[in-house]
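Per chain, numbering begins at 1; letters A, B, ... match sequence-line order.
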Amino acid sequence: MGIKPLADRVVLEPVEEETVTASGLVLPDTAKEKPQQGKVIAVGPGSLDDNGNRSALEVKEGDIVIYRKYGGTEVKQDGTEYLIVSEDDILAIVD
Amino acid sequence: MGIKPLADRVVLEPVEEETVTASGLVLPDTAKEKPQQGKVIAVGPGSLDDNGNRSALEVKEGDIVIYRKYGGTEVKQDGTEYLIVSEDDILAIVD
Amino acid sequence: MGIKPLADRVVLEPVEEETVTASGLVLPDTAKEKPQQGKVIAVGPGSLDDNGNRSALEVKEGDIVIYRKYGGTEVKQDGTEYLIVSEDDILAIVD
Amino acid sequence: MGIKPLADRVVLEPVEEETVTASGLVLPDTAKEKPQQGKVIAVGPGSLDDNGNRSALEVKEGDIVIYRKYGGTEVKQDGTEYLIVSEDDILAIVD
Amino acid sequence: MGIKPLADRVVLEPVEEETVTASGLVLPDTAKEKPQQGKVIAVGPGSLDDNGNRSALEVKEGDIVIYRKYGGTEVKQDGTEYLIVSEDDILAIVD
Amino acid sequence: MGIKPLADRVVLEPVEEETVTASGLVLPDTAKEKPQQGKVIAVGPGSLDDNGNRSALEVKEGDIVIYRKYGGTEVKQDGTEYLIVSEDDILAIVD
Amino acid sequence: MGIKPLADRVVLEPVEEETVTASGLVLPDTAKEKPQQGKVIAVGPGSLDDNGNRSALEVKEGDIVIYRKYGGTEVKQDGTEYLIVSEDDILAIVD
């Protein structure tokens, strides 16, 4: 996929919840800020710290993650919708 | 449980207060922001500090903690509801 | 008492002002944000600084302190009400 | 082009989406804050960090990038419209 | 006086302006946030800096200071009213 | 000119756009926060960083710059109007 | 004058603009936040940086400066009105 995120940004492909019934995870509809699941497609090199260094992100390509949609930016390529989020908006990796 | 939190995030399983009468702790209903008790299910590796290092969290798997629900994100797996919070939202460990 | 606070948090037991007439301290009712007195029951290990270290709190178990109630969280154990505050909400120690 | 951006600023020439059908990327109209594509025309030397050093930007002249228009400043030269943004407003590079 | 302030806090005893005519200083009534004069009764050890050290305050016991009342907390002991402020609320020392 | 700016401040003399047709740059009227061009008349020594050092500004006397008027302060001397801005309000140098 | 400012504060004596016609500087009445001229009467030792050091202020006693009145605090001594401001509110020194 031809999108290379900057800094601590991550490109996600949203995962339909029907497709993850094997892991038994269900995200409730009633939560005020509904968390979502996605597959990590690409990750940035990390943000600059106070000394001008970058720390690698915790997530890597292929991870299934739970994220907050708030703040993300939608892009569409070849008919597939992606979301670009900051790693801060990713709460956890689903094993 | 298949959720691996990032940074300083903690996965909690809310504890019904009837189940902790042994310790005699009661959380009042009248508090404006009602604190809650939960059991720590999984912890993240800690946030990055200014030098790109991570400091381990103070809580560990199995701890019973008092936390503020505000800011947490609910997820449900195999019929059990969990909450993902930042460690900042955890006030204390109940011995 | 079975509550171990995290970071810079302090567990306080509010002190009725009638019980401290010996020290002669009176807290006025008219202040917009009424300060309160309490006894320190337990203290956290201190917050993490930018280098990943913790500095011990200035208050210790047994201190009588003046604190701002704003921001604290009430918990009740064995019929006694406690308050969990950040050390920032504690203004002074009453000798 | 005669504009030399300061600090972490980047001069972009907006790219009409019709011109990038080869890469198949489409940016949806419905997003609340519509992301846009642009070509990097010039980059600043980077912002000062806490030690008085500058870290080079991640984008370079000629990159096609996805950016958020919010916060940018429009300038026009020889009939062409440019936008000056902070690198923070650039989300990703399109390969 | 039995109040030991924490961090960068200072205990002040407000000074009636009639009592300082010798120094000739008059604080106008018309200022939107009226500055006040007070005598320093006790000072804290200073706030923690980013390296876990404390820097001594600039004011010391006995100084007459000009301060902004905003943000201070009133306490009363043995019939005398005191104010606990942060050193940031103290503008200057009156020689 | 007798104004020596402090810290990261810059004294600008606004440039009428008719006078820069040679470079072909036109600043649109329709932008919400209209950028402006000016000539740098004097620059400050730079702001203090966390270690008490100052880093020289990127602009120098004589530069023609694009700046955001927001936040600047107007002064007038010998019939000429100047603007004092922070370097952060300067977006780019026009070659 | 008997006022010793703390940290980065500066005591100013406002200068009537009629008295500075020699330098030809005129401050317009129409500016939203009208800048003012003043003479530096006393300066503080500088604010504490992250390492617990203080950096000397850029202004010194006797300087004529342009400042923003916003945020300053008025005091009056022996019939003269002074203003205490932070150095951040001082824009430039008038030579």
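- A salt bridge links C/R54 with B/E58: at least one charged nitrogen is closer than 4.0 Å to a carboxylate oxygen.
- Here the rule is side-chain contact (heavy atoms from CB on, under 4.5 Å) with B/L91, and of C/V11, C/L6, C/I84 only C/I84 fits it.
- Interatomic distance, CG of C/L48 versus CG of B/L57, reported as 9.5 Å (0.5 Å rounding).
- With a 4.5 Å cut-off on non-hydrogen atoms, B/V59 touches chain C through its side chain but not through its backbone.
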Test side-chain contact (heavy atoms from CB on, under 4.5 Å) applied to C/V75 and B/I66, step by step: CA-CA 9 Å; C/V75 301; B/I66 298 174; 4.1 Å; yes
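- Nearest approach of B/I90 to C/R9, heavy atoms of both residues: O-NH1, 3.1 Å.
- Judged by distance alone, the side chains of C/N51 and B/N51 do bring a donor and an acceptor atom under 3.5 Å apart.
- The closest donor-acceptor contact from the side chain of B/R68 to the backbone of C/T73 lies at 3.5 Å or more, if one exists at all.
- Taken to the nearest 0.5 Å, the OG atom of B/S55 stands 8.0 Å off from the CG atom of C/N53.
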